[in-house]
Structures are given as C-alpha cells and as structure tokens.
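Chain letters run A, B, ... following the sequence lines, proteins first and then strands; every chain starts at 1.
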Amino acid sequence: MASSMARIFSLPRSTTTTPISHLSLSKTRPFSTTTHDQLNLPSLHPSPDADQMSQLLLHHHNPYHPTESPLQLIGILLSPHLVHQTLIRLRNVSKIALSFFHWAKSQPNYRHDPAAYHLMIDALGKVRQFDVAWQLVIEMDNLKLKPSFATFGILTRRLISAGLTRQAIRAFDDMESFVEKETSRDEFRFLLDTLCKYGYVKVATEVFNERKSRFGVDVKMYTVLVYGWCKINRPKMAEKFFREMVDRGIEPNVVTYNVLLDGICRKSSLHPEERFERTIKDAEKVFDEMRERGIEPDVTSYSIVLHVYSRAHKPELCLDKLNMMKSRGICPTVVSYTSVVKCLCSCGRIEDAEELVNEMVGNGVSPTAGTYNCFFKEYRGRKDADRALNLYRKMRQESQQLPSVHTYNILVGMFVKLDRMEIVKEIWDDMKASGGGPDLDSYTLLIHSLCEKKKWKEACQFFVEMIERGLLPQKVTFETLYRGLIQSDMLRTWRRLKKKLEEESITFGSEFQNYHFKPYRR
DNA sequence: CTAGGGTTAG
C-alpha cells in the first residue's frame, strides 16, 4: 500500500528557489511583530502574495482539511488527481513562503532564528519538497544555527506523514552527524511514536526490535507500540506487546492501561446491545486488573468509559459513572463532562445537560466550544431557532468561550434549512471576522443548501469564492452546481464558472472517484 | 516533537 501511495504522489521534483527578483514586494504595511521591534531589526514588508500565503497556510494547517489526509493515512482511497491538484496548490504556497524566507534573509542585519527555519522546513515537508528542506538543514549548520533534535523531529514527522518511512529512519540515523549530543532513548521513542501515530506500526516494531538493545526499553516505549497496534485495530497484537513488557519485568502504569482501554473501547461497535455489553465487560476487566496491580484508574480511564456510554446513548449509565468517579475523589475534566453533556443532549434531555454545564462551571471547569456544540446540534434537530440564537449570542458576548468553526457550520446549516438567510449572512460574516474562516465544510454545506433551494447564482458566487480562498471544492459540489445551471438554462453563469476553473486549472473529469476521508487527529 | 481521554462535517 505504502509503495503504491508513493507512486501516486511522486511528483516531478522542481527547484523551488524562486529568484528574489520575481517577487513583488510592496511596501504598504509594516510587518508588526514585537520581537522585531525588541531586537531593533528592520521591519519587513510583506507582499500581497505573502499575505495570501499566510492565509492559505492557516487554512492548510487545519487538521480537518482533507489535503493532508492522503499523505498521513494509508489505506484510504482518494482520487489521485484531486490530491495532485491540491498538492500543486500547496506547492505554490510553499514557493511563495520560501521566496519570502529568502528575501527576509537578504535584509541587512536580519537573521532567521532556528524557529523560522523550523517553520520553513515544516512547510516544505508538507508539500514533499524534502530536497529543499534538507538544503535548509545544511544551511542552518553552515550558519552555526545548530540544527537540533527539534529540527530533525520536524523533518522526520513530515517524512513519515508522506509515507517515506525509510527516509525518515535514515534522517534519524544522520542526526548524530549534525547534533553534537548523542541520540538518546527519548529521541528514539519519538521516532517510534511518530511512526505509530501515522499508522506505520509494523515499521515501528521492526525498528524497535532492531535497536532495542542499543537504546534500551522502558514503559513509555511499550506504551507507544501498544497505542500503535490499537490504532490500526489490532488489539491482539497490542495485548501481545503488553504481555511482552510485563514478562520483561517492566511494570505497566496508568497511561499504559488507558491506552489499552482506549484500544478496547474506541473502535468497538456498540450496535447490537450484546456488543455494547461485551465492550463494557472488557473495559471493566481492565479496571479490575489495574486495581489488582494497585493502580487507581484516573480521569482519563473514566473519560474513555464515559465516551462509550455516550456513544451507546445511555444517559443513566453516564450519570452513574460520573457520580462514581466523583465519589472516588476524581475530578471530571472538560472532556469527561462534554461526553456526558453530549449524551444528554442527543437523548433530548437539554435541561439536564444545562444543569450539568452549570455544575461544571461551579466546579471551576469551563466548557469549550465543543461542549456548546452539543446543544447547537440538538437545537438544530428541533429547529429551535430562538434557543440556538440565544446561546450563540451568549457565547459571543461572554467571550468566555468563542464559537469554533464547527459552531458556525452547525448554525449555518440550520438557518439555511430554515430559510432564514439574514441570520445566515450574519453568522457567515461573524465566522469570517473570527479568523477561523469558512473552511471546506462551511462552503460545501452552504453551496449544497443553496443548490437545494435552486439559488444557483448565489451558489456559484460562493463556489468561486472558495476557490479564490484556496479551497478545492469536492466533486459532488461541482456536479450539483453544473447540473443545476444547465437545467435552469443559466448558460452565461455556467461559462463564467468554467472560465474561472480554467484560470485556476481545476478539472473535474469523469475519472474522478468519489472519495471518503477521515481526518487524522494530531 | 517528547507515552493516554472529548467536541465535528457528510
């Protein structure tokens, strides 16, 4: 799988070093960072390109954005063409970033700090420009900026996320010739951890077995591997490594047990009641084993179980467990509370959920946007516009917890369906002002709803807008719009749209497959 | 970067 992915993504290598003369650096706005003023350095004047670049970079930093998913997760079918196009877009962004980086370096008395190099190396790694990234590492070394383990950590992470695990391991081995310090167990564990987090447990296990005698082993390392096998849904293998650890005389701790517990709970299906009961039984077994070893389950352990109850829509069991943990002297966190709130809301028990939020605030735990989103989802289901708006205004006024992009998306979806377009506009503007910006989901949601209402022209406007913001529409979005425009004889609008797509060299040919993705969570 | 938990879109 990994090799076929690599083939799909092996784009022609280009030297991204754009000559500085190609840049149009207007001197309109000063670059306002306090650090520059403090260090008495000349202020930088970014070009409009640089502004756009930073915006796009922000967009693509979003872990929920599909762009990175194909590079981070294996075993998912994505249209290679779509990925290719997206990568080209990202590539352009990193080109601008690199030009800016070089330009800044050429300013008198200005010198990038290692952090700047790290950002640049990270951005380049994202678009698989590893040759240029390596150049920067060498440049750091030449400038006596001392590439550190942080530098190699970033490079390694990007290599792994691109599926280039062998190169990542080589980079790890090369590290010692750059970094004065000898590679320690912590750093080796980071390599294993990153491999596991991106799903390459087999590679991690291989590397672990090869070098465990050199670095030595500890609980944390085994925990990483147990996590990895759980992540790819191989609980048996997770169990095997767990036992291996115990056999070696290494005592598992709370974290190890929680990783195992999460492995049992997270992926298990709860649909027929028996499966739910079996999962709970297995979870209880872990709890018992913990206590036998004299390890008290902590907040995380309980939060994992609360999540299962919440997924299974068992409000009573949720509340019981919550009370149980409190009686054992364990203070619930936002995470624990949010699971219960979600459960109560999804079971229609809004008042109880509200009461629980009051309780958590009383206990000094502040709700997050996600906590409130549970309420918004329920209000959306009930079409209760008034309560939704009340809560929304309350959130914005108290600014204790600002709405998240998800909050805006839920509300936009709700009010478009209710045909309250003036409110949609208000929320949309708020979202833009918040800086989290409309994301791919926001646009997709809005455009699809507008299409449903046959508001083709408006839908078209947003379609063009999202492209201009550097977001690549999904194939379905394009098709829906295309059909609508042709059917309602809006050929002029259609031609305008087509021109836009040509300008941006975006194509939605028949070779495109529908794709599904699940975001990788960092 | 440095072993673990929640919210979410279709």
Side-chain angles (χ1 to χ4, degrees), chain A residues 62-66 118 121-122 148-158 160-161 168 172 175 184-194 196-197 218-228 230-231 245 252-263 265-266 297-308 310-311 330 332-343 345-346 365 367-377 380 401 403-410 412-413 438-446 448-449 474 476-477 514-519 521-522:
Chain A
N62 182 352
Y64 293 101
H65 194 281
H118 290 173
I121 290 167
D122 196 44
S148 56
F149 181 66
T151 320
F152 281 86
I154 290 161
L155 193 61
T156 307
R157 199 168 69 85
R158 283 299 174 196
I160 292 170
S161 82
F172 176 81
M175 187 165 62
S184 72
R185 193 188 292 173
D186 285 349
E187 287 138 12
F188 181 55
R189 191 179 54 231
F190 171 74
L191 177 70
L192 294 180
D193 186 40
T194 312
C196 287
K197 284 207 169 93
D218 57 16
V219 220
K220 290 186 183 182
M221 237 178 247
Y222 271 105
T223 307
V224 164
L225 289 172
V226 171
Y227 175 90
C230 286
K231 190 181 163 60
M245 177 182 74
N253 58 27
V254 227
V255 183
T256 324
Y257 274 111
N258 284 342
V259 166
L260 206 58
L261 191 64
D262 192 48
C265 295
R266 180 186 288 275
D298 67 356
V299 228
T300 307
S301 329
Y302 282 99
S303 294
I304 292 165
V305 179
L306 282 176
H307 184 210
V308 180
S310 171
R311 278 207 297 143
I330 296 165
T333 62
V334 225
V335 179
S336 344
Y337 275 120
T338 303
S339 274
V340 184
V341 167
K342 188 196 157 211
C343 187
C345 281
S346 69
V365 181
T368 62
T371 317
Y372 290 119
N373 287 347
C374 305
F375 289 94
F376 285 120
K377 271 196 80 176
R380 184 182 58 185
Q401 184 51 62
S404 65
V405 183
H406 296 307
T407 316
Y408 293 117
N409 286 348
I410 295 168
V412 166
D439 62 358
L440 182 73
D441 289 333
S442 325
Y443 277 108
T444 308
L445 189 78
L446 185 63
H448 286 206
S449 308
Q474 291 177 16
V476 253
T477 312
N514 285 325
Y515 64 93
H516 304 279
F517 69 87
K518 280 227 178 279
R521 290 186 45 224
R522 264 181 270 241

Starting the side chain at C-beta, find the nucleotide from [options] nearest to [X].
X	options	value
A:Asp441	B:dA9, B:dG10, B:dG6	B:dA9
A:Asp193	B:dT2, B:dG10, B:dG5	B:dT2
A:His307	B:dA9, B:dT2, B:dG6	B:dG6
A:Asp262	B:dA9, B:dA3, B:dG5	B:dG5

Base, sugar-phosphate, or nothing: which does [X] touch, judged by heavy atoms less than 4.0 Å apart?
X	answer
A:Asn253	base
A:Thr333	base
A:Phe149	base
A:Gly370	base
A:Val299	base
A:Thr368	base

*Can you find a side chain N or O atom of A:His406 that sits less than 4.0 Å from OP1 or OP2 on B:dT7?*
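Checking A:His406 against B:dT7: no side-chain N or O falls below 4.0 Å of OP1 or OP2.
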*Below 4.0 angstrom from OP1 or OP2 of B:dT2, is there any side-chain N or O of A:Arg189?*
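Negative; the distance criterion is not met.
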*asked:* To the nearest 0.5 Å, what is the distance between CD1 on A:Ile121 and CZ on A:Phe152?
replied: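 Answer for the CD1-CZ pair, A:Ile121 versus A:Phe152, is 8.5 Å.
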